[in-house]
Amino acid sequence: MSKKSSPAEGQPASFEDAMAELEQLVAQMEAGELPLEASVAAYKRGSELVKYCAGQLDKVDSQVKVLEGEMLKPFATEAASGAEE
């Protein structure tokens with residue numbers, strides 16, 4: 001019955017693939033195209049995809065912090081910079 005099956009319903013090949021699959025699931029659910037059991041399965045798969053995407057974003061965030069090193073500092077406001085003078 002399913003229109004598409006993801007590669008072994010496992011990990012997506014990439015962040016972009018996960019987002020595309022998630023967008024498709026959301027569109028199907030919002031359109032009311034799925035019966036109840038399929039909606040529950042789509043919700044479960046969507047939850048897995050969200051966790052995967054969040055994990056990928058965390059990894060990239062960590063990599064950026066390592067690459068930037070000490071350059072990542074809090075944004076200084078004008079009041080804070082004026083007080084130093």
Side-chain angles (χ1 to χ4, degrees):
M1 257 199 231
S2 178
K3 288 183 180 179
K4 80 169 196 65
S5 77
S6 66
E9 290 292 320
Q11 293 288 359
S14 67
F15 176 83
E16 291 78 9
D17 288 346
M19 288 298 296
E21 184 180 348
L22 189 56
E23 288 173 4
Q24 185 177 33
L25 288 171
V26 169
Q28 289 175 339
M29 291 175 73
E30 286 179 342
E33 297 176 3
L34 303 173
L36 182 59
E37 290 95 15
S39 291
V40 171
Y43 184 86
K44 180 181 179 206
R45 178 64 178 159
S47 178
E48 293 168 356
L49 291 168
V50 166
K51 287 178 187 174
Y52 172 82
C53 289
Q56 293 297 104
L57 290 173
D58 285 343
K59 282 180 15 182
V60 169
D61 185 51
S62 296
Q63 291 172 351
V64 168
K65 286 178 181 175
V66 166
L67 292 172
E68 294 293 323
E70 293 299 314
M71 293 177 64
L72 291 179
K73 297 196 186 323
F75 181 71
T77 63
E78 287 182 32
S81 62
E84 295 175 350
E85 293 180 62

Value rounded to 0.5 Å, distance of NZ in Lys44 from CG in Leu49: 12.0 Å
Shortest non-hydrogen separation from Met29 to Ser39 and the atoms involved: CE-O, 3.8 Å
With Asp58 via side chain to side chain donor-acceptor pair (under 3.5 Å) - residues at least two apart: none
Stepwise side chain to side chain contact (heavy atoms under 4.5 Å, CB included) check, Phe15 with Val60: CA-CA 11 Å; Phe15 176 83; Val60 169; over 6 Å; no
Test item: Glu48 and Gln11 side chains (from C-beta on) under 4.5 Å apart, heavy atoms: no
Distance (rounded to the nearest 0.5 Å) between Tyr52 OH and Glu21 CD: 11.0 Å
By side chain to side chain contact (heavy atoms under 4.5 Å, CB included) - contacts of Ala41 (at least two apart): none
Leu25-Val40 co-clustered via ILVMFWY side chain contacts under 4.5 Å: no
Closest non-hydrogen atom pair, Met19 against Cys53: SD-SG, 3.8 Å
